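Input: a single structure, listed below in C-alpha cells.
Remember, predicted model here, so these are calculated numbers, not experimental data.
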Amino acid sequence: NFIGHAGGSIDGKIYTNSLEALNLNYEKGIRIFELDLRLTSDNKLVAVHDWKNWRKNTGYEKKIPPNKDDFLSYDIFGSYSPLDLDSIKNWKKIHQDTIIITDKFDDLETLSKIFKRDQNFIHEIYSDNELLFAFDNNISNILVSEKILRNNNFSEKFLQKLIEKNVYGLSVSRHSLYKFAKFYKKAKDNGLKIFVYRLNDGLPGGTEKEVLCNFSDYLNAVYADKLTNFDLESSKLFCD
C-alpha cells in the first residue's frame, strides 16, 4: 500500500533518491519505489528531485546541473550514494520483486529505449502528446498524471480509452480522489492502479492512515516519505 517516494526517507531526510534509501526501505517491506529522473549537463539521466536542493545538500559549488561524473562524485548530505541509470538497473536486477516508477522526466520515447518495456518499470507522464505517443506505440507501462486527466475533463469516454489501451495506472492527488471518487472507483474496478500523493499537507483527511482506510476501495497505494516496518501482520491492524 505504500510507495517509497524518492526512494523513501532515511535518517529523517527525504528526497535523497539514494541507494541507501532504496536499501533501507526495501528492508522495511516496501516494494514500489518512485525515483525522480533529470538530465545532467552532458545529457545523462540521474536520480535527483531538483538541482537547487541537490546543490545545497551536496555542497556542490559549480554551475548546475553538473555533468554526470561530478554528480556521481558528490554524496548526498555527505553520506548517501547518488544513482545513475546503471546503478538503478543494477539495483533492480538484484531486487526483482520491486516496481520502480520514474518521475519528472517526461520523454516516453527516451525512457522506453532505456528501460525494459514491462510492468516493473512504470513511467509517469504529464502531457497529452506523451499519452498519444504511448497509444501509437502500444506502450502500456505508464502512469497517467492528474494533469492529463484534468485536460480531458475526467470524462468517462477518456477513461474508457485508458482501459482499452491497458494503461497501468493513474497518479493523482488525494484532493482529486475526494472530488472524483466515482471516476477512480471505476478506473480501479477496471484494472488501473490508483496511486495517490499530496498527503500530510496539514489539511483535513490527509494522513496515510486516513486516506488508505477511508478510500481503500478507490486506490491501490499512497506515496509516502516516512516508512516504518510494515509486514502482513501489522497491515491487518492498520485500519483498526
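Taking hydrophobic clusters as Ile, Leu, Val, Met, Phe, Trp and Tyr residues chained together by side-chain heavy-atom distances below 4.5 Å, Val144 shares a cluster with Leu192. Cluster annotation: Tyr74 and Leu37 are assigned to distinct hydrophobic clusters (Ile/Leu/Val/Met/Phe/Trp/Tyr, side-chain heavy-atom contacts under 4.5 Å, transitive). Phe105 and Ile125 fall within the same hydrophobic cluster, defined by Ile, Leu, Val, Met, Phe, Trp and Tyr side-chain heavy atoms under 4.5 Å apart, directly or through other members. Taken together through direct or relayed side-chain contacts under 4.5 Å among Ile, Leu, Val, Met, Phe, Trp and Tyr, Leu39 and Trp54 form parts of separate hydrophobic clusters. Residues Ile30 and Ile14 are members of separate hydrophobic clusters, defined by side-chain heavy-atom contacts under 4.5 angstrom among Ile, Leu, Val, Met, Phe, Trp and Tyr.
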- Evaluate the criterion side chain to side chain contact (heavy atoms under 4.5 Å, CB included) for residue pair Val196 and Tyr184; output intermediate values, then yes/no. CA-CA 11 Å; Val196 179; Tyr184 294 119; over 6 Å; no
- Message: Between Phe2 and Val222, does the side chain to side chain contact (heavy atoms under 4.5 Å, CB included) criterion hold? Intermediate values first, please.
- Response: CA-CA 5 Å; Phe2 292 104; Val222 297; 3.7 Å; yes
- Item | Audit row: Lys44, Leu85, side chain to side chain contact (heavy atoms under 4.5 Å, CB included) steps and yes/no | CA-CA 8 Å; Lys44 305 297 182 182; Leu85 289 180; over 6 Å; no
- Task: Check the pair Ile148 / Asp128 against side chain to side chain contact (heavy atoms under 4.5 Å, CB included), numbers first and verdict last.
- Result: CA-CA 6 Å; Ile148 296 176; Asp128 290 284; 3.8 Å; yes
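Glu156 has a carboxylate O that lies under 4.0 Å from a charged side-chain N of Lys186, or vice versa, which qualifies the two as a salt bridge. Here Lys68 does not pair with Asp42 in a salt bridge; the nearest charged N to carboxylate O distance is not below 4.0 Å.
Contact check for Gln160 versus Glu164: side-chain heavy atoms found under the 4.5 Å cut-off. Using a 4.5 Å heavy-atom threshold, the side chains of Phe77 and Thr16 count as touching. Side-chain contact check for Phe115 versus Asn120: every heavy-atom pair is 4.5 Å or farther apart. Put simply, the side chain of Ile114 does not reach to within 4.5 Å of the side chain of Phe121, judged on heavy atoms. When side chains are defined from C-beta on, Val211 counts as touching Tyr178, because their heavy atoms get closer than 4.5 Å. Residues His49 and Asn17 form a side-chain contact, since some pair of their non-hydrogen atoms from C-beta on lies under 4.5 Å apart. Two residues are said to be in side-chain contact when any heavy atoms from C-beta on lie closer than 4.5 Å; Lys161 and Phe135 meet this criterion. Between Leu22 and Thr98, every side-chain heavy-atom pair lies at or beyond the 4.5 Å cut-off.
Within the 3.5 Å criterion, the main-chain N or O of Ser18 finds no donor-acceptor partner in the side chain of Ser81. With hydrogens and angles disregarded, a donor-acceptor distance shorter than 3.5 Å links the side chain of Asn25 to the backbone of Ser9. Side-chain N or O atoms of Asn137 include none that pairs as donor or acceptor with a backbone N or O of Ile139 at under 3.5 Å. Distance alone, capped at 3.5 Å, is enough to place a donor-acceptor pair between the Arg174 side chain and the Arg198 backbone. Checking side-chain atoms of Asp36 against main-chain N and O of Lys104 turns up no donor-acceptor pair under 3.5 Å. Remark: the backbone N or O of Tyr80 is not paired with any side-chain donor or acceptor of Glu20 at under 3.5 angstrom. A donor-acceptor distance shorter than 3.5 angstrom exists from the side chain of Ser41 to the backbone of Pro66, with no hydrogens or angles considered. Put simply, the side chain of Glu34 gets close to the backbone of Ala6: a donor and an acceptor are under 3.5 Å apart. Without hydrogens or angle criteria, Arg31 side chain to Ile99 main chain gives no donor-acceptor distance under 3.5 Å.
Considering every non-hydrogen atom in both Leu227 and Lys28, the closest pair reads O-NZ, 2.7 Å. Between Leu159 and Ala187, the closest heavy-atom pair is CD1-CB, 3.7 Å. When every heavy atom of Ala21 is checked against every heavy atom of Gly8, the shortest pair comes out as CB-O, 3.5 Å. Residue Leu199 comes nearest to Glu208 through the heavy atom pair CD2-CA, 3.5 Å, listed as atom of the first residue, atom of the second, then distance.
Between the CD1 atom in Ile32 and the CG atom in Asn220 there is a gap of 8.0 Å [rounded to 0.5 Å]. For the atom pair OH of Tyr168 and CG of Leu162, the computed distance is 15.0 Å after rounding to the nearest 0.5 Å. Rounded to the nearest 0.5 Å, atoms CD1 (Ile3) and CZ (Phe195) are 4.5 Å apart. Residue Ile101 holds its CD1 atom at 11.5 Å from CG of Asn141, rounded to the nearest 0.5 Å. Taken from CG in Leu35 to CG in Leu45, the straight-line distance is 11.5 Å, to the nearest 0.5 Å. In this structure, NE2 in His123 is found 12.0 Å from CG in Asp103, a value given to the nearest 0.5 Å.
Atom NZ of Lys92 sits in a crowded spot, with more than 12 heavy atoms from other residues, nucleotides or ligands closer than 6.0 Å.
Here the two rings, on Phe71 and Tyr60, have centers that are 6.0 Å apart or farther. Separation of the Phe180 and Phe183 ring centroids does not fall under the 6.0 Å cut-off.
Between the side chains of Ser87 and Asp84, at least one donor N or O lies within less than 3.5 Å of an accepting N or O. Side chain to side chain, Asp225 and His5 meet the donor-acceptor criterion of an N or O pair below 3.5 Å. One side chain, Glu210 or Thr207, offers a donor N or O that lies under 3.5 Å from an acceptor on the other. There is no side-chain donor-acceptor pair under 3.5 Å between Asn57 and Tyr15. Tyr126 and Asn151 form no side-chain donor-acceptor contact under 3.5 Å, judged by distance and modelled atom types alone.
Below 30°, between 30° and 60°, or above 60°: for Trp91 and His95 the angle between ring planes is below 30°, a parallel geometry.
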